[in-house]
Enquirer: 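Can you keep this structure in mind? I'll have questions shortly.
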Amino acid sequence: MAANDNYHDTVYRMYESVDILYKKRQWFNANYLSGYILECYCKLILLISANEGHIFSNNRQNVMDFGHKVSDLKTELNLITFEGCAVSSYCLDVQSVCTNILNHWNPNKRYEADSSIWNTETLASDIHAEIELLMDMVIKMEIDGALV
C-alpha cells in the first residue's frame, strides 16, 4: 500500500459523499462515487488476505496493481472465498450483491452526458442499496477487529 493509500478512510469518505449526493438527488455523481466504495471494500479485504499469506493472481504484487478494475477485484475476492481462509467470511458475492455497480461503473464514465443512465433515480436507488450492504460488511470487519 502506498503511503497515501488509506482504503478504510476513503470508503467512509466516499460513502458520506454518496449519501449526501443521493439525498440531494444528484444521481450522476452519487452513482459515480459508489464505484469507489466497491473498490475500497475489495481492497480492504485484499489487504487483510495478503497479511494472511494470500498471493495475488496474475503476477500482481500488491493491491495497487488492481487499479480501478472492479471486475478484477471481484475475481480476486472469489479466489479468496474459494480458498476458505479466515477473511473469506467478509467476502460478499459482489457479482450478486453489486450487480449495478459492476455492470455500470467505469471511472472513465465521469465524462458522460447528463442524459446517460448514470443520471437516473432508479439506478441511483439500486446502487445505494448495494453500497449499504458493502458498508455493513466494512463495519463488521471493524467490529471483529479484522482491519489493521
Enquirer: First locate atom CZ of Phe66, then atom NZ of Lys43, and finally report the distance between them rounded to the nearest 0.5 Å.
Expert: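 Reported value, rounded in 0.5 Å steps: 9.0 Å.
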
Enquirer: Measuring from atom CD1 of Ile127 to atom CH2 of Trp118, what distance do you get when rounded to the nearest 0.5 angstrom?
Expert: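 It comes to 7.5 Å.
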
Enquirer: Can you confirm whether the side chains of Asn31 and His128 place a donor and an acceptor under 3.5 Å from each other?
Expert: no

Enquirer: How far does CE of Met14 sit from CG of Asp19, to the nearest 0.5 angstrom?
Expert: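 Reported value, rounded in 0.5 Å steps: 14.0 Å.
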
Enquirer: Just checking, any donor-acceptor pair under 3.5 angstrom between side chains of Ser34 and Glu130?
Expert: no

Enquirer: Nearest 0.5 Å please: distance from the CD atom of Glu39 over to the CG atom of Leu44.
Expert: 10.5 Å

Enquirer: Please report the C-alpha distance between Asn51 and Ile48 in whole Å, then the side-chain angles of each, then the deciding distance to 0.1 Å, and finally whether the side-chain contact (heavy atoms from CB on, under 4.5 Å) criterion is met.
Expert: CA-CA 5 Å; Asn51 288 338; Ile48 297 167; 5.6 Å; no

Enquirer: Specify the closest pair of heavy atoms between Val70 and Trp105, including all atoms of both residues, with the distance to one decimal.
Expert: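 Scanning both residues, the minimum pair turns out to be CG1-CZ3, 3.7 Å.
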
Enquirer: Quick check, are the ring centers of Tyr7 and Tyr41 under 6.0 angstrom apart?
Expert: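 Tyr7 vs Tyr41: aromatic centres not under 6.0 Å.
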
Enquirer: Looking at Leu123 and Ile117, what are the two nearest heavy atoms and their distance?
Expert: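 So the two residues come closest at CD2-O, 3.6 Å.
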
Enquirer: State the SG-NZ distance between Cys91 and Lys74, to the nearest 0.5 angstrom.
Expert: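 Output value for this atom pair is 13.0 Å.
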
Enquirer: Between Ser96 and Asp93, does the side-chain hydrogen bond (donor to acceptor under 3.5 Å, both in side chains) criterion hold? Intermediate values first, please.
Expert: CA-CA 6 Å; Ser96 62; Asp93 178 3; 3.2 Å; yes

Enquirer: With heavy-atom distances below 4.5 Å as the criterion, would you say the side chains of Val87 and His54 are in contact?
Expert: no

Enquirer: Can you get from Leu92 to Leu79 by hopping between Ile, Leu, Val, Met, Phe, Trp and Tyr side chains that sit under 4.5 Å apart?
Expert: no

Enquirer: Can you tell me if Ile55 has over 12 outside heavy atoms packed within less than 6.0 Å of its CD1?
Expert: no

Enquirer: Compute whether any side-chain donor of one residue and acceptor of the other, for Tyr15 and Glu132, lie under 3.5 angstrom apart.
Expert: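 Yes, because at least one side-chain N or O of Tyr15 sits under 3.5 Å from a partner of the opposite role on Glu132.
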
Enquirer: Which residues end up grouped with Tyr111 if you chain together Ile, Leu, Val, Met, Phe, Trp and Tyr wherever their side-chain heavy atoms are less than 4.5 Å apart?
Expert: none

Enquirer: Where do Glu76 and Ser57 land on the side-chain hydrogen bond (donor to acceptor under 3.5 Å, both in side chains) test, with the steps shown first?
Expert: CA-CA 7 Å; Glu76 198 71 27; Ser57 63; 2.5 Å; yes

Enquirer: Look at the side-chain heavy atoms of Ile, Leu, Val, Met, Phe, Trp and Tyr, link any pair under 4.5 Å apart, and say whether Leu46 and Met141 land in one connected group.
Expert: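 They do share one cluster, since a chain of ILVMFWY contacts under 4.5 Å joins Leu46 to Met141.
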
Enquirer: Supply the members, apart from Tyr22, of the Ile/Leu/Val/Met/Phe/Trp/Tyr cluster built from side-chain contacts under 4.5 Å; use none for a lone residue.
Expert: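 Trp27, which link up through side-chain heavy atoms under 4.5 Å apart, make up the rest of the cluster.
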
Enquirer: With the threshold set at 4.0 Å, does a side-chain nitrogen-carboxylate oxygen contact exist between Asp144 and Lys140?
Expert: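 Salt bridge between Asp144 and Lys140, a charged N being under 4.0 Å from a carboxylate O: yes.
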
Enquirer: Checking Thr75 side chain against Ser71 main chain: does a donor-acceptor pair fall under 3.5 Å?
Expert: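 It does hold such a pair.
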
Enquirer: Distance check, rounded to the nearest 0.5 Å: Lys69 atom NZ versus Cys42 atom SG?
Expert: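 The NZ atom of Lys69 sits 14.5 Å away from the SG atom of Cys42.
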
Enquirer: With hydrophobic residues grouped by side-chain heavy-atom distances under 4.5 Å, do Ile20 and Tyr36 end up in a single group?
Expert: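 No, it is not one cluster - the side chains of Ile20 and Tyr36 are not joined through contacts under 4.5 Å.
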
Enquirer: Tell me whether Phe82 shares a hydrophobic cluster with Ile45, the cluster being built from Ile, Leu, Val, Met, Phe, Trp, Tyr side chains joined at under 4.5 Å.
Expert: no

Enquirer: Do Asn6 side-chain atoms and His8 backbone N/O form a donor-acceptor pair below 3.5 Å?
Expert: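 Looks like yes, one N/O pair under 3.5 Å.
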
Enquirer: Would one find more than 12 heavy atoms of other residues, nucleotides or ligands at under 6.0 Å from atom CG of Asn108?
Expert: yes

Enquirer: Can you tell me which residue among Leu38, Ile101, Asn100 is in a side-chain contact (heavy atoms from CB on, under 4.5 Å) with Ile131?
Expert: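 For Ile131, the side-chain contact (heavy atoms from CB on, under 4.5 Å) check succeeds only for Ile101.
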
